[in-house]
Amino acid sequence: MTSRSPVQHSPVSGFISRLPARHAETIDGYRSFAAAGLTLAVLRDQVQAENAVRNGLPRDQLIYFDEYDDALSAVLDGRAGGYASVALAHREHLATDPSLADLAVVTVPDQEVPPATGAFACASPATRDALNIALNDLLGEATPDEPSPDSASWPSA
């Protein structure tokens, strides 16, 4: 019997989108997004770009941005069919901005991106900050690029 660590939560990947009616019922993850030929906005150095490519999205259908607002603008003005990041963050953003009511969040299924052990998503900045303080006390400070966002490069347990 294998025990699971209590410190396990997936910051489930997802994308925010204003899908055309012809795609609204069929887009349920990266694979269907890729099959529809849509362009995906991603933030530079986030794992979502590689997750999308692993699930069939050609690299030339990715548009890279440095800021959340710029990636969201690409969806709003039609340059991108969606913006991939953490589904919880997208839901929180939509909940706090009524002008975005026509957008939807598509959650990427676990079969495309398995849950990540030890990864967290926090809807509250206060919770995020408290968690960061506790983890820094336990693990020590790290630079933003440690570990690599590419989980394939992580040492096996």
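When reading the values below, keep in mind they use all heavy atoms of this one structure, side chains included, and skip hydrogens, waters and symmetry mates.
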Consider only side-chain heavy atoms of I, L, V, M, F, W and Y, link residues closer than 4.5 Å, and tell whether V42 and L38 are in one cluster.
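Linked within one cluster.
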Under 4.5 Å between side-chain heavy atoms, counting indirect links through other Ile/Leu/Val/Met/Phe/Trp/Tyr residues: same cluster for L43 and L62 or not?
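Cluster IDs for L43 and L62 differ.
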Compare all side-chain heavy atoms of [X] with those of [Y] and state whether any distance is below 4.5 angstrom.
X: D70; Y: D66; value: no
X: V53; Y: R59; value: yes
X: V47; Y: V113; value: no
X: S73; Y: F65; value: no
X: I16; Y: R91; value: no
X: L94; Y: V105; value: yes

Donor-acceptor check, side chain of Q48 to backbone of A84, threshold 3.5 angstrom: yes or no?
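No: the side chain of Q48 does not pair with the backbone of A84.
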Donor-acceptor under 3.5 Å (N55 side chain, E112 main chain):
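Present.
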Run I27 and F15 through side chain to side chain contact (heavy atoms under 4.5 Å, CB included) and show every step you take.
CA-CA 11 Å; I27 302 295; F15 46 89; 3.7 Å; yes
Partners of Y68 by ring pair (Phe, Tyr, Trp, His ring centres under 6.0 Å), sequence neighbours excluded?
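With neighbours one apart ignored, the set is Y83, H90, H93.
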So which atom in [X] and which in [Y] form the shortest heavy-atom distance, rounded to 0.1 Å?
X: P109; Y: G29; value: CD-CA, 3.9 Å
X: Q46; Y: S85; value: OE1-OG, 3.5 Å
X: A87; Y: T107; value: CB-OG1, 4.1 Å

If you measure from [atom1] on [X] to [atom2] on [Y], what distance do you get to the nearest 0.5 Å?
X: L40; Y: Y64; atom1: CG; atom2: OH; answer: 9.5 Å
X: D102; Y: L76; atom1: CG; atom2: CG; answer: 7.5 Å
X: S13; Y: Y30; atom1: OG; atom2: OH; answer: 4.0 Å

Can you name the residues that form a salt bridge (Lys or Arg N to Asp or Glu O under 4.0 Å) with D60, not counting sequence neighbours?
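Testing D60 for salt bridge (Lys or Arg N to Asp or Glu O under 4.0 Å), a comparison that skips the adjacent residues, returns none.
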Hey, is E67 close enough to R44 for a salt bridge, meaning N to O under 4.0 Å?
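Salt bridge between E67 and R44, a charged N being under 4.0 Å from a carboxylate O: no.
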